[in-house]
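Below is one structure; the comments refer to it alone.
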Amino acid sequence: SDVCSSDLTHRETLLQYLQVMIDRRDWHGVADVAMDLRDIDAEERTKEQCILVLERLHERSGEQHNHYQYAAKVLRGEA
């Protein structure tokens with residue numbers, strides 16, 4: 001959970017900084033912030049894909065291999 005809230009705070013900070021760069025017409029700064037935001041989005045998509053794979057593995061095991069389910073919960077910040 002701390003990781004997710006930390007990412008959210010980081011995203012909010014970047015969005016505020018993005019507005020500053022736009023106001024200053026610093027297009028290199030805008031590009032840098034946009035790349036950072038894109039990286040955060042890519043990390044989140046990768047994490048979501050991992051969670052889906054783990055949930056499918058858990059289901060295919062007849063829900064007998066709880067380590068898949070536990071790993072998915074850890075990635076979601078629930079464990």
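The model shown is predicted, which means the values in this text are computed figures rather than measured ones.
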Inset, instruction - Answer yes if Tyr17 and Ile22 sit in the same cluster of Ile, Leu, Val, Met, Phe, Trp and Tyr residues linked by side chain heavy atoms under 4.5 Å apart, and no otherwise. - result: yes
Legend entry - Intermediate values then yes/no, side-chain contact (heavy atoms from CB on, under 4.5 Å), Tyr70 and Val74: CA-CA 6 Å; Tyr70 179 75; Val74 169; 3.5 Å; yes
Legend entry - From Arg76 atom CZ to Leu54 atom CG, the distance as rounded to the nearest 0.5 Å: 9.0 Å
Legend entry - For the student: nearest non-hydrogen atoms of Leu75 and Cys50, plus distance: CD1-CB, 3.8 Å
Legend entry - Distance, nearest 0.5 Å, that separates CZ of Arg24 from CD of Gln19: 13.0 Å
Inset, instruction - Could you please spell out the steps behind the side-chain contact (heavy atoms from CB on, under 4.5 Å) verdict for Asn66 and His58? - result: CA-CA 7 Å; Asn66 291 330; His58 178 69; 3.4 Å; yes
Inset, instruction - Answer yes or no: is there an ion pair linking Lys47 with Glu44, defined by an N-O contact shorter than 4.0 Å? - result: yes
Inset, instruction - Drop me the distance from Arg60's CZ to Tyr68's OH, to the nearest 0.5 angstrom. - result: 10.5 Å
Legend entry - Over all atoms of both residues, closest heavy-atom pair of Ile51 and Ala72: CG1-O, 4.1 Å
Name the atoms and distances for all side-chain donor-acceptor pairs under 3.5 Å in residues 26-41, with sequence neighbours left out.
residue	atom	partner	partner atom	Å
Asp26	OD1	His28	N	3.3
Asp26	OD1	Gly29	N	2.8
Asp41	OD1	Arg11	NH1	3.2
Asp41	OD1	Arg11	NH2	2.4

